[in-house]
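These notes are about the structure you will find just below.
Please read all numbers here as calculations on a predicted model, not as lab measurements. As the structure lists them, so they are numbered: ligands from 1, and atoms in each ligand from 1.
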Amino acid sequence: MLKLYHCPGARSTRSVWLLYELGLEFELVTLGFSMAALRAPEYLAISPLGRVPCLVDGQTTLFESGAICQYLCENYDHRGLHRGPGDNERNAWLQWLHYAETIAVHGASLVQQKVFIAPEQRSETVRKLESRRLFKAIEVIDKHLASRDYLLDSGFSAVDIGVGYSIHLATMVGQLDGLENVHEYHARLASRPAFQRAMPESAGEVLGD
Ligand SMILES: N[C@@H](CCC(=O)N[C@@H](CS)C(=O)NCC(=O)O)C(=O)O
């Protein structure tokens with residue numbers, strides 16, 4: 001059976017959401033978001049950088065969420081979430097699959113500034129820079145969504161999960177004023193049962209409280 005290593009509120013939530021959208025059975029291994037759990041020798045033996053997500057499927061182990069998304073879609077999609085080679089939206093699908101990480105790094109940096117780094121070590125310069133870069137990365141999505149409901153013209157696909165989770169995180173740590181298409185997109189995604197099932201109970205859980 002598929003096994004997913006996950007911390008509530010971490011980027012691994014994207015993989016949980018995708019697994020629910022795909023309707024797959026899997027074992028969810030929930031780790032604490034702590035060095036004790038993530039740097040434990042038994043976990044490092046599976047996922048050598050000690051991060052989440054990590055997917056194990058028989059002899060296959062993957063510890064990069066974009067690769068996990070592509071692998072699951074290529075091997076297990078029966079719900080139309082994949083756009084494989086030959087599909088006229090394949091290149092756009094790949095583009096947005098990886099763009100999710102461009103947004104996520106700025107959100108993660110802001111979470112570090114607001115939550116994990118001790119107040120006396122936080123940097124106002126880094127906070128402002130990362131906020132601006134997060135906004136600009138999401139502004140691109142806002143313009144793209146002016147003429148469509150989802151990232152692809154053909155409708156919801158797996159890439160809305162990666163980008164959508166990064167936007168979900170950004171709504172908690174960033175100022176997204178004026179990005180109305182993005183707010184409507186976020187509401188559309190948040191109404192999906194698989195999204196609601198995958199998300200942590202509270203914003204505090206997301207921010208590591
Ligand atoms: N690009 C990787 C990033 C993975 C990542 O950095 N995960 C974070 C959680 S959002 C983590 O495990 N952090 C623990 C640490 O850095 O020690 C992916 O998308 O899978």
*Is it true that Pro53 lies under 4.0 Å from ligand 1, counting heavy atoms only?*
yes
Arg14 heavy atoms within 4.0 Å reach ligand 1 at atoms 19 (O)
shortest atom 16 (O) of ligand 1-to-protein heavy-atom contact is with Arg51 NE, 3.5 Å
Quiz item: Does one side chain, of Ser109 or Arg127, offer a donor that lies under 3.5 Å from an acceptor on the other?
Solution: no
Of all protein heavy atoms, the one nearest atom 20 (O) of ligand 1 is Ser65 N, 2.9 Å
Closest to atom 15 (C) of ligand 1 among protein heavy atoms sits Arg39 NH2, 3.7 Å
Exactly one candidate in Asp160, Thr13, Val16 meets side-chain contact (heavy atoms from CB on, under 4.5 Å) with Tyr165; the answer is Thr13
The atoms of ligand 1 lying under 4.0 Å from a heavy atom of Leu38, numbered in the order shown, are 14 (C)
Atom 10 (S) of ligand 1: closest protein heavy atom, distance to 0.1 Å, is Arg11 N, 3.2 Å
Numbered in order shown, the ligand 1 atoms found under 4.0 Å of a heavy atom of Met35 are 17 (O)
Test of proximity, Phe33 against ligand 1: N or O pairs below 3.5 Å: no
Smallest heavy-atom separation, Trp93 atom then Val159 atom, equals O-CG1, 3.0 Å
- Item | Tyr76 and Asp57 side chains, donor-acceptor separation under 3.5 Å | yes
* Is it true that Glu139 and Arg132 have a side-chain N and a carboxylate O under 4.0 angstrom from each other? -> no
Smallest heavy-atom separation, Thr61 atom then Val56 atom, equals OG1-CG2, 4.0 Å
A student checking ligand 1 against Glu101 at a 4.0 Å heavy-atom cut-off should list atoms 1 (N), 2 (C), 3 (C), 19 (O)
Quick note on ligand 1: atoms under 4.0 Å from a heavy atom of Glu64 include exactly 1 (N), 2 (C), 18 (C), 19 (O), 20 (O)
Taking every heavy atom of Asp149 against every heavy atom of Tyr185, the minimum-distance pair comes out as O-CD1, 3.4 Å
May I ask you to check whether Arg14 and Ser65 show a side-chain donor-acceptor distance below 3.5 Å? yes
If you scan protein heavy atoms around atom 4 (C) of ligand 1, the nearest is Val52 O, 3.4 Å
